[in-house]
Amino acid sequence: MKENKEFVKEVTDIEEDFAKWYTDIVLKADLADYTDTKGCIAIKPYGYAIWENIQKYLDKKLKEAGVKNVYLPVLIPENLLQKEKDHVEGFAPEVAWVTKGGQEELEEKLCIRPTSETVFSNLYAKWLKSWRDLPLLYNQWCNVLRWEKETRPFLRSREFLWQEGHTLHETEKDAKEFTIKILNIYQDLIENLLAIPVLKGEKTEKEKFAGADNTYTVETLMHDGRALQSGTSHYIGQNFTKAFNIKFQNREGKEEYAYQTSWGVATRLIGAVIMAHGDNRGLKLPPRVAPIQAVIVPIALHKEGVEDKAREIYEILNNNFRTELDLRDNYSTGYKFNDWELRGVPVRIELGPRDIENGVCVLVRRDTLEKTTVKLNEIQEKVSELLEDIQKNMFDECAQRVKQRTTIARNMDEFIKNINENQGYVKAMWCGKEECEIKIKELTGASSRCIPFEQEKISDNCVCCGEKAKKMVVWGRQY
RNA sequence: CGAGGUGUGGCUCAGUUGGUAGAGCGCGUGGUUUGGGACCAUGAGGUCGCAGGUUCGAUCCCUGUCACCUCGACCA
């Protein structure tokens with residue numbers, strides 16, 4: 001295939017400057033745009049459609065798990081936010097406040113929610129009476145605001161969209177099980193919808209959520225080898241239920257504090273899709289989440305019968321797939337090919353006079369750019385097969401990268417060498433002390449991603465201090 | 001929040017030793033095209049990031065500020 005140098009120049013080279021490549025793609029694939037409000041992006045239709053597909057998939061899974069959707073206020077009175085000590089300490093630096101209503105100074109300032117544990121907890125204290133009310137499984141799809149200093153579209157913006165689930169349970173065991181159940185739903189979402197393999201595990205004490213007893217995470221690895229925390233599920237225990245007095249009468253008639261969880265995934269997942277799959281031609285969307293799964297590009301549109309045939313094919317395909325018919329007459333065919341590749345559409349269908357004469361069309365897959373000629377009367381099943389194959393292939397390619405970029409380190413020299421040469425994940429033993437975690441970060445730039453559920457023994461001793469190791473930890477430089 | 005960088009049509013940039021701005025791409029219109037970013041003609045579009053200051057005069061010099069980018073610290 002002839003490489004078009006001019007085009008490649010238009011998008012920053014992915015190997016040369018990944019950060020620039022990323023923002024290029026966000027803008028050029030028409031996912032989002034900057035606004036005059038710092039740190040707040042405008043999500044454009046094509047980007048929002050990805051989010052809608054994520055929502056649709058996840059919402060169904062959550063409902064199957066018994067979760068119900070609610071909506072709570074965006075403003076939180078100061079006293080509520082301050083009820084749980086660790087929580088307020090964790091979030092205070094990045095909270096935005098409303099201090100005035102019209103011209104009047106408020107008696108009590110209101111914070112714009114950075115997360116809603118406090119609001120849920122406050123209401124749960126009112127709503128929970130009996131063990132019969134448990135488990136209480138609520139979720140909300142909403143926006144939150146965190147006063148980030150440094151921002152990037154989708155990955156870290158001040159305002160972002162997410163879902164936050166907040167649940168109450170009768171026992172510690174129930175709550176812990178539910179925390180993991182949600183983590184598994186996140187894994188399913190990210191692996192099966194977004195085609196990105198996850199690393200599952202528990203956060204260290206240092207990295208866990210402010211106010212939680214345990215934080216579990218699904219981590220993903222981006223094209224450049226940096227890790228992205230893609231979803232978290234927290235076992236909150238009784239920290240909030242005690243602070244907010246959330247009690248129920250148990251089966252023996254005694255009052256007891258409930259056990260709590262919270263969990264969320266955000267529009268950051270869109271960033272993950274971009275950075276995990278993209279290449280020098282632009283975005284590469286997994287079929288299941290792609291707003292447009294197949295695009296028909298008619299060739300020599302003005303020629304007799306081409307448009308009619310294209311419309312006919314469109315009608316057939318659009319019944320089963322999210323299909324687009326590109327009838328723009330102000331762009332050349334070549335331009336359209338590049339444009340749809342930039343936007344990451346999994347399957348392109350080329351249909352020209354020559355094909356129509358032969359009763360065929362050309363299918364081009366975005367992941368490998370491979371072209372195949374198929375009979376028009378078989379197009380539906382061929383597209384279907386291709387979409388499935390692309391979905392699978394994209395996951396496999398990502399998994400391959402994770403494998404290639406995962407190394408082990410028995411000492412700090414190995415650690416530093418590996419992280420510098422290979423980026424990616426480094427597996428190393430850890431003694432459990434925070435000072436070693438901090439030192440490793442200083443020396444390598446890598447933070448602890450998680451303590452994986454699937455442990456393996458690299459060596460007996462902590463990679464940092466050499467003392468007896470407690471856990472195998474996966475480390476990496478993060479976004 | 002620390003260190004550095006950049007702000008001139010939508011984009012990439014040029015330019016003015018201080019005298020009020022230009023090119024390519026893109027965009028509109030008409031036409032010819034269409035199998036990997038087509039061509040011809042024609043047209044629209046800028047208070048030179050914003051606010052002060054110096055000056056007869058500031059896009060240019062000075063001060064401040066804001067936004068964006070990169071690298072660190074913090075986070076979904």
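Scope of the values below: all heavy atoms of this structure, side chains included, with no hydrogens, waters or symmetry mates. Note on naming: letters A, B, ... go to the chains in the order of the sequence lines (proteins, then strands), and numbering restarts at 1 for each one.
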Please measure how far the [atom1] atom in [N] lies from the corresponding atom in [M], and state the result in whole Å.
N: B:rG30; M: B:rU65; atom1: C1'; result: 48 Å
N: B:rU59; M: B:rG4; atom1: C1'; result: 25 Å
N: B:rG36; M: B:rC40; atom1: C1'; result: 23 Å
N: B:rG22; M: B:rA14; atom1: C1'; result: 7 Å
N: B:rC56; M: B:rG18; atom1: C1'; result: 12 Å
N: B:rC69; M: B:rG49; atom1: C1'; result: 15 Å
N: B:rC27; M: B:rU20; atom1: C1'; result: 26 Å
N: B:rU8; M: B:rU34; atom1: P; result: 39 Å

Please list each protein N or O that sits under 3.5 Å from an N or O in nucleotides 28-31 of chain B, with the distance.
none

[X] and [Y]: side-chain donor and acceptor closer than 3.5 Å?
X: A:Glu159; Y: A:Asn143; answer: yes
X: A:Thr115; Y: A:Arg113; answer: no
X: A:Asn139; Y: A:Lys63; answer: no
X: A:Asp224; Y: A:Gln423; answer: no
X: A:Thr167; Y: A:Thr261; answer: yes
X: A:Thr204; Y: A:Glu437; answer: yes
X: A:Glu307; Y: A:His302; answer: no

- Message: Using modelled atom types and a 3.5 Å cut-off, is there a donor and acceptor pairing between side-chain atoms of A:Arg146 and backbone atoms of A:Pro114?
- Response: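 Flag set: sc A:Arg146 to bb A:Pro114 pair under 3.5 Å.
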- Side-chain (A:Ser157) to main-chain (A:Pro153) donor-acceptor, under 3.5 angstrom: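 Judged by distance alone, no pair lies under 3.5 Å.
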Rounded to the nearest Å, what distance is computed from the [atom1] atom of residue [X] to the [atom2] atom of nucleotide [N]?
X: A:Leu27; N: B:rU12; atom1: CG; atom2: C1'; value: 14 Å
X: A:Ile41; N: B:rA67; atom1: CD1; atom2: P; value: 17 Å
X: A:Arg348; N: B:rG37; atom1: CZ; atom2: P; value: 12 Å
X: A:Leu351; N: B:rU34; atom1: CG; atom2: C1'; value: 13 Å
X: A:Leu342; N: B:rG36; atom1: CG; atom2: P; value: 18 Å
X: A:Asn338; N: B:rA38; atom1: CG; atom2: C1'; value: 13 Å

- Query: Taking protein heavy atoms under 4.0 Å as touching, what does nucleotides 69-76 of chain B look like 5' to 3' if B marks base contact, S marks sugar-phosphate-only contact and - marks none?
  - Reply: SBBBSBBB
- Task: Look at the side-chain N and O atoms of A:Ser332 and state whether any lies under 4.0 Å from the OP1 or OP2 oxygen of B:rU34.
- Result: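 Answer is no, no contact under 4.0 Å.
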- Kindly point out which of B:rG35, B:rG36, B:rG37 is positioned nearest to the side chain of A:Glu341?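 Looking only at heavy atoms from C-beta outward on A:Glu341, the closest nucleotide is B:rG36.
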Let's see if you get this right: which residues in [range] place a heavy atom under 4.0 Å from RNA chain B?
range: residues 183-194 of chain A; result: none
range: residues 297-305 of chain A; result: A:Ile299, A:Ala300, A:His302
range: residues 52-64 of chain A; result: none

- Task: Please report the closest heavy-atom contact between A:Gly424 and A:Ile419, naming both atoms and the distance.
- Result: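 A:Gly424 and A:Ile419 have their closest heavy atoms at O-CD1, 3.8 Å.
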- Identified salt bridge (charged side-chain N to carboxylate O under 4.0 Å, His left out) partner of A:Asp389 from the options A:Lys382, A:Arg365, A:Arg366: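 Passing option: A:Arg365.
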- Query: Does A:Lys336 get its side chain close enough to the base of B:rG35, under 3.5 Å, for a donor-acceptor pair?
  - Reply: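 Answer is no: no donor-acceptor pair is held.
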- Task: Spell out yes or no: do the side chain of A:Asp355 and the base of B:rG35 have one donor N/O and one acceptor N/O closer than 3.5 Å?
- Result: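 Yes.
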How would you list, by chain and number, every residue that makes a ring-ring contact (aromatic ring centres under 6.0 Å, His included) with [X], sequence neighbours excluded?
X: A:Phe160; value: A:Trp162
X: A:Tyr57; value: none
X: A:Tyr259; value: none
X: A:Trp97; value: none

Going by the angle between their ring planes, with limits at 30° and 60°, are [X] and [Y] parallel, tilted or perpendicular?
X: A:His169; Y: A:Phe178; answer: tilted
X: A:His223; Y: A:Phe18; answer: parallel
X: A:Tyr138; Y: A:Tyr124; answer: tilted

Give every donor-acceptor pair under 3.5 Å between a side-chain atom in residues 266-273 of chain A and any protein atom, sequence neighbours left out.
from, atom 1, to, atom 2, distance (Å)
A:Thr267, OG1, A:Leu161, N, 3.4
A:Thr267, OG1, A:Leu161, O, 3.3
A:Arg268, NE, A:Leu155, O, 3.0
A:Arg268, NH1, A:Gln229, O, 3.0
A:Arg268, NH2, A:Leu155, O, 3.1

- Task: For RNA chain B, write out the stems as range with range, using runs of 3 or more consecutive Watson-Crick or G-U pairs with both distances under 3.5 Å.
- Result: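 Correct response: B:1-7 with B:66-72, B:10-13 with B:22-25, B:27-32 with B:38-43, B:49-53 with B:61-65.
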- Message: Taking any heavy-atom pair under 4.0 Å as a contact, classify A:Val362: base, sugar-phosphate, or nothing.
- Response: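 Base, at least one base atom sits under 4.0 Å.
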- Item | side chain to side chain donor-acceptor pair (under 3.5 Å) against A:Asn420, all qualifying residues, sequence neighbours excluded |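 A:Asn420 satisfies side chain to side chain donor-acceptor pair (under 3.5 Å) with A:Arg477 once adjacent residues are dropped.
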